[in-house]
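Throughout, numbering of the chain's residues begins at 1 and tracks the sequence. No hydrogens, no waters, no symmetry mates; every other heavy atom, side chains included, goes into these values. For ligands, and for the atoms within them, numbers begin at 1 and follow the listed sequence.
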Amino acid sequence: MSSLQTHGLSAGYRRTTVVSDVSVTVDSGGWLGIIGPNGSGKSTLLKAVAGLVRHEGRVVVDGRAVAGLRRRERARLVGYAPQIPQLPVGMTVTDYVLLGRTPHLGPLGREGARDLEVVGGFLERLDLDRLADRQLATLSGGERQRTVLARALAQQAGVLLLDEPTTGLDVGHAQALLDLVDELRRELGTTVVMTLHDLTLAAQYAERLLLLDGGRVAAEGTPGEVLTPATLSERYTARVTVLHTPDGSPVIAPVRG
Ligand SMILES: Nc1ncnc2c1ncn2[C@@H]1O[C@H](COP(=O)(O)OP(=O)(O)OP(=O)(O)O)[C@@H](O)[C@H]1O
């Protein structure tokens with residue numbers, strides 16, 4: 001269980017700042033969706049929280065500023081599943097997911113029985129156990145996505161950052177993956193921050209949404225507050241109508257001009 005706060009977080013690459021002054025709070029066990037048009041800085045914001053890009057401002061996990069922490073310590077608090085992971089050639093699914101245990105390994109850097117048990121549990125949970133010995137290069141897109149998620153989950157951090165976790169998944173597999181994240185969130189109290197282009201799915205799983213535009217916060221609130229036709233047409237330059245599911249969740253439908 002961990003809460004996450006950013007205070008005036010700005011981030012970028014070399015001399016270019018692409019995310020400016022983001023202050024947001026995610027309660028322990030909460031789920032924040034980060035949305036916004038292409039290039040608005042969603043991935044960069046997640047990387048800044050994970051400590052992987054240059055940033056200014058503060059990232060606070062459970063009331064503790066993470067700036068002074070070593071990478072290993074930070075990785076125990078914040079898990080991260082990148083949008084386009086570097087998948088090592090020739091590595092098996094099990095060995096890749098074991099990399100998620102790195103922040104927990106002892107001085108000799110060898111994994112122990114507990115690490116293998118954690119990894120085995122997540123492989124089973126994500127329906128990857130039958131692929132445990134397969135090489136990463138031989139996986140389908142959906143299997144690869146689940147493997148990347150398993151590695152981030154094996155980190156067992158209180159805060160889980162997911163960058164476009166459903167990329168390349170069909171609607172059924174996308175739902176199954178988000179259902180699983182939700183299940184683990186409820187069971188373990190994990191705090192989830194996820195970027196997603198599918199606004200309808202984002203509205204169904206995230207409790208709150210943060211809309212980035214040009215690296216700045218353009219809107220923040222419940223999905224119903226953020227996903228209005230006026231905001232979407234202004235920020236995405238899109239023609240959309242907002243429908244609703246029977247339980248009232250917004251459905252974003254494009255309208256042909
Ligand atoms: N490694 C990098 N070096 C330089 N500029 C970068 C780098 N990565 C991203 N950028 C730039 O930062 C800006 C924000 O990119 P980012 O990937 O954070 O946006 P995004 O909202 O996640 O985009 P998308 O929806 O297309 O995935 C873009 O202009 C992008 O070109």
Side-chain angles (χ1 to χ4, degrees), residues 4-24 26 31-59 66 71 74-75 78-88 141-142 144-145 148-149 151-152 159-171 173-174 177-178 181 191-206 208-221 223 226-228 231-240 250 252-254:
L4 171 72
Q5 290 173 306
T6 69
H7 299 277
L9 190 62
S10 298
Y13 307 92
R14 299 182 184 224
R15 260 171 270 151
T16 317
T17 296
V18 298
V19 170
S20 303
D21 200 22
V22 175
S23 297
V24 69
V26 193
W31 190 327
L32 176 74
I34 299 176
I35 59 169
N38 288 136
S40 56
K42 302 179 297 295
S43 297
T44 305
L45 177 58
L46 285 195
K47 286 181 197 160
V49 173
L52 301 173
V53 289
R54 167 184 79 67
H55 58 280
E56 291 102 46
R58 275 163 27 103
V59 177
V66 298
R71 204 169 172 132
R74 193 161 175 155
V78 180
Y80 169 64
Q83 183 176 13
I84 308 167
Q86 301 280 340
L87 295 183
R144 208 174 307 142
Q145 285 291 96
V148 172
L149 177 65
R151 175 187 163 165
V159 175
L160 182 62
L161 309 175
L162 304 176
D163 199 354
E164 285 290 336
T166 60
T167 301
L169 300 191
D170 65 58
V171 61
H173 282 98
L177 183 138
L178 294 173
V181 172
T191 304
V192 181
V193 182
M194 157 189 85
T195 70
L196 210 62
H197 276 297
D198 186 323
L199 301 176
T200 300
L201 271 186
Q204 290 183 0
Y205 286 88
R208 295 183 69 78
L209 296 179
L210 181 128
L211 169 61
L212 280 186
D213 191 10
R216 294 188 174 272
V217 178
E220 200 224 327
V226 173
L227 299 175
T228 65
T231 301
L232 296 174
S233 75
E234 181 188 350
R235 301 299 174 177
Y236 285 85
T237 325
R239 295 177 307 274
V240 295
I252 312 307

To the nearest 0.5 Å, what is the distance between [atom1] on [X] and [atom2] on [Y]?
X: Leu209; Y: Leu32; atom1: CG; atom2: CG; answer: 7.5 Å
X: Ile252; Y: Leu227; atom1: CD1; atom2: CG; answer: 4.5 Å
X: Arg54; Y: Thr44; atom1: CZ; atom2: OG1; answer: 10.5 Å
X: Ser10; Y: Arg216; atom1: OG; atom2: CZ; answer: 7.5 Å

Practice prompt. Looking only at distances, please establish whether an N/O atom of ligand 1 is found under 3.5 Å from an N/O atom of Gly41.
Written response: yes
Fill in: N or O contact, Lys47 vs ligand 1, cut-off under 3.5 Å
no
Worksheet, complete the sentence: Taken in chain and number order and not counting sequence neighbours, the residues that satisfy side-chain contact (heavy atoms from CB on, under 4.5 Å) with Arg235 are Leu211, Asp213, Ala218, Thr231
Please state whether [X] comes within less than 4.0 angstrom of ligand 1, counting heavy atoms only.
X: Pro37; value: yes
X: Gln83; value: yes
X: Gly36; value: no

Worksheet item: Should you measure from each heavy atom of Thr44, which atoms of ligand 1 turn up under 4.0 Å away?
Response: 14 (C), 15 (O), 16 (P), 18 (O)
Practice prompt. May I ask you to list the atoms of ligand 1 that are less than 4.0 angstrom from any heavy atom of Val18?
Written response: 12 (O), 13 (C)
Can a donor-acceptor pair be found, under 3.5 Å and without considering hydrogens, that links the side chain of [X] to the backbone of [Y]?
X: Thr6; Y: Val22; value: yes
X: Arg239; Y: Ser233; value: no
X: Gln5; Y: Ser23; value: no

Worksheet item: Out of Ser43, Ala48, Gly214, who gets a non-hydrogen atom closest to atom 22 (O) of ligand 1?
Response: Ser43
Identify, for [atom], the protein heavy atom at the shortest distance, and state residue, atom and that distance.
atom: atom 14 (C) of ligand 1; result: Gly39 O, 3.5 Å
atom: atom 21 (O) of ligand 1; result: Lys42 NZ, 2.7 Å
atom: atom 9 (C) of ligand 1; result: Tyr13 CE1, 3.4 Å
atom: atom 26 (O) of ligand 1; result: Asn38 ND2, 3.0 Å

Worksheet item: Distance below 4.0 Å between atom 30 (C) of ligand 1 and any protein heavy atom?
Response: no
With a cut-off of 3.5 Å and sequence neighbours excluded, list every side-chain donor-acceptor pair involving residues 35-42.
unit_1: Ser40; atom_1: OG; unit_2: Pro37; atom_2: O; d: 2.7
unit_1: Lys42; atom_1: NZ; unit_2: Gly36; atom_2: O; d: 2.9
unit_1: Lys42; atom_1: NZ; unit_2: Pro37; atom_2: O; d: 3.1

Worksheet item: ligand 1 versus Arg14, non-hydrogen atoms closer than 4.0 Å: side chain, backbone, both, neither?
Response: neither
